[in-house]
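The sequence lines fix the lettering, A, B, ..., with proteins before strands; numbering per chain opens at 1.
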Amino acid sequence: MVRTRFAPSPTGYLHIGGVRTALFNWLFARRHGGRFLLRIDDTDQQRNLDEALPPILDGFRWLGIDWDEGPEVGGPHAPYFQSRRGARYETAVAELLARGAAYRDYARAEELQVEREAAERSGGAFVYSRRWMAETDEQAARFEADGRSCVVRLRMPRSGQCAFQDLIRGDVAFDWAKEQDHVVRRPDGTFLYHLASVVDDHDFAISHVIRAVEHLSNTPRQIFIAQALGYELPVYAHLPYVAEPGSQSKLSKRKIDKYLKNADFQKLYDHARSIAEKTGHAATPESFNPVLIEFYRAVGFLPDAIVNYLLLLGWSLDDKTEDFTRDEMIRAFDLARVTKSPASFDPAKLMAFQERYMRRVPIDSKAESMLDFVIRAGWLSGVDRDAELAKVRRIARAAGERIRVAGDVLQYDEFFVADDRLEYDEPAFEKRVSTGESKAWLKVFRGVLESVDPFEAPVVERALHAHLEETGRKIGQVIHALRIALTGKPVGFGMFDAMEILGRASCLARIDRAVARGHGEEVS
RNA sequence: GGCCCCGUCGUCUAGCGGCCUAGGACACUGGCCUUUCACGCCGGCAACACGGGUUCGAUUCCCGUCGGGGUCACCA
């Protein structure tokens with residue numbers, strides 16, 4: 001039975017790279033009819049679990065990455081929180097001690113530091129002298145009388161090699177002598193990650209440990225622990241990490257300022273921020289960061305687009321397939337096809353997937369998600385949802401592919417403001433409405449609009465064309481003035497679609513207002 | 001610095017000795033379409049890090065160099 005896990009620490013944030021790792025674990029488990037579990041690595045966190053965990057869980061749920069065992073869903077090996085498994089780790093450490101695979105160590109931090117520096121000076125790897133190791137209770141008592149406290153360290157081999165097979169890296173080997181006597185228990189009785197992780201992986205019957213390469217060099221010490229405890233080893237697979245845009249360095253949530261110098265990143269960020277500003281979403285780097293999944297959710301990305309993009313970061317099926325439904329990716333996923341080199345995160349390509357997926361969203365559900373943003377922005381109340389939805393649906397239809405993320409609806413405030421509150425793009429107004437005979441023409445065309453019936457796009461369009469025919473004008477001569485008078489902007493939807501959405505009354509009122517308006521000044 | 005890993009277009013990648021004058025996608029770019037903006041359509045630019053081998057033949061195998069990165073905690 002294949003069993004994989006993803007083990008986040010409860011930081012409150014879901015990192016893009018972490019999601020990719022979780023996704024690969026999930027895919028691998030689903031592919032083999034196994035189980036995917038979530039385990040919370042909170043061995044050393046003072047953070048308040050109660051508020052740091054839900055955002056992570058919500059993030060996974062939103063992405064459609066479900067877990068078979070773990071927080072909230074429970075499971076046969078509960079609890080899935082390392083902070084609640086101390087007793088279990090204690091027995092493991094006792095076993096390690098009993099078997100001579102670990103020892104109590106009474107060294108002080110400064111003493112260790114001296115040895116470390118000496119090793120550095122001589123150019124060799126630091127290997128602890130074990131001078132303050134207590135092998136008997138008597139020795140321990142003596143150190144304690146000195147006021148020393150003890151940690152438990154692994155008694156690592158000092159010769160030979162630790163060799164293992166990695167599903168992605170192939171054969172890997174490390175010299176035992178380069179390994180340190182890692183601490184597994186602190187003086188206060190808490191445990192370190194490596195110990196907890198190995199014990200949990202064993203207890204939870206994890207068959208495949210699929211994680212980022214940063215952990216590759218941690219593997220020997222974990223193998224040492226597992227073997228000392230008589231555990232069967234899981235199969236290891238170390239994924240390349242997700243790199244910065246245009247670089248090979250690991251993507252980090254703290255380096256956002258640096259990434260913003262990348263044009264594509266900047267573009268995505270600005271795009272998202274303009275949406276977030278309108279919805280009042282706090283746009284601090286902590287909460288509003290393109291390295292975190294929450295960022296995409298806050299502006300209306302589609303989870304399927306993100307997952308599909310992430311799937312292709314370090315994995316590919318062949319030389320052309322890019323689109324995968326969940327079922328397709330489950331069927332196709334194969335660790336052997338994971339790349340060895342880091343894949344850099346490309347905001348532009350993510351957006352391309354988003355656009356592609358957005359095209360396939362049925363108009364009704366697109367309108368639903370757009371309406372959420374409109375309500376969040378306070379442009380509609382949400383009280384008469386059916387009527388509001390109908391309006392947003394018309395906008396969605398007219399906007400077509402201009403709506404790339406659901407929050408893009410907030411670019412079209414002209415359909416939500418009162419006629420007398422419409423704002424104009426001043427240079428455009430100057431150029432196309434204030435000059436020549438634009439205003440005179442608008443007045444005339446206003447008369448035409450009054451009698452158009454019904455006030456629907458194709459009818460209005462026919463009326464305009466008939467009018468142009470009679471007066472011998474070309475559409476290009478007048479439509480810009482009309483657009484700016486009605487929407488305040490030089491760009492937008494098809495003119496007639498926009499007019500239908502506005503309705504006759506608004507169109508007339510807006511023409512009146514534009515015509516009455518002076519050169520760039522408000523007429524009251 | 002020690003140890004380890006990686007190295008095909010700007011980016012994600014295909015390629016597992018001849019199918020490669022290296023394929024696809026994104027980005028960029030020229031044009032078309034068009035009431036604007038998008039979309040769409042047609043076209044273009046663009047890569048095997050370098051040097052040695054092995055071989056009839058290397059992007060593919062080996063070695064070295066260079067470059068990039070990861071990791072060296074009483075963090076996870």
Q. Quick one: is the NZ or CZ of A/Lys349 closer than 6.0 Å to the six-membered ring centre of A/Tyr309, and within 45° of its axis?
A. no

**Q.** ring-ring contact (aromatic ring centres under 6.0 Å, His included) partners of residues 163-190 of chain A, not counting sequence neighbours, each pair once
**A.** A/Phe164-A/Tyr236

Q. Nucleotide by nucleotide, 5' to 3', does protein get under 4.0 Å of the base (B), only the sugar-phosphate (S), or neither (-) in nucleotides 24-39 of chain B, counting heavy atoms?
A. BBS--------BBBSS

Q | Rounded distance (Å) that lies between atom C1' of B/C12 and atom NZ of A/Lys340 | A | 18 Å

(Q) With the threshold set at under 4.0 Å for non-hydrogen atoms, list the residues of residues 308-317 of chain A touching RNA chain B in residue-number order. (A) A/Leu312, A/Leu313, A/Gly314, A/Ser316

Q: Check the distance between B/C74's C1' and A/Asn218's CG and give it to me in whole angstrom.
A: 15 Å

Q | side chain to side chain donor-acceptor pair (under 3.5 Å) partner of A/Arg5, the single match among A/Asn25, A/Asp201, A/Asp200 | A | A/Asp201

Q. According to the interplanar angle, ranging from 0 to 90°, do the rings of A/Tyr80 and A/Phe204 count as parallel (below 30°), tilted (30 to 60°) or perpendicular (above 60°)?
A. tilted

(Q) If stacking means aromatic ring centre less than 5.5 angstrom from the base's six-membered ring centre, planes under 30°, is A/His238 stacked on B/G70? (A) no

Q.
Checking base pairs now: Watson-Crick or wobble, both atom distances under 3.5 Å. What partners B/G43?
A. B/U29

Q | Watson-Crick or G-U wobble mate for B/C3, both contacts under 3.5 Å | A | B/G70

Q. Taking atom C1' in both B/C66 and B/C50, what distance in whole Å separates the two?
A. 7 Å

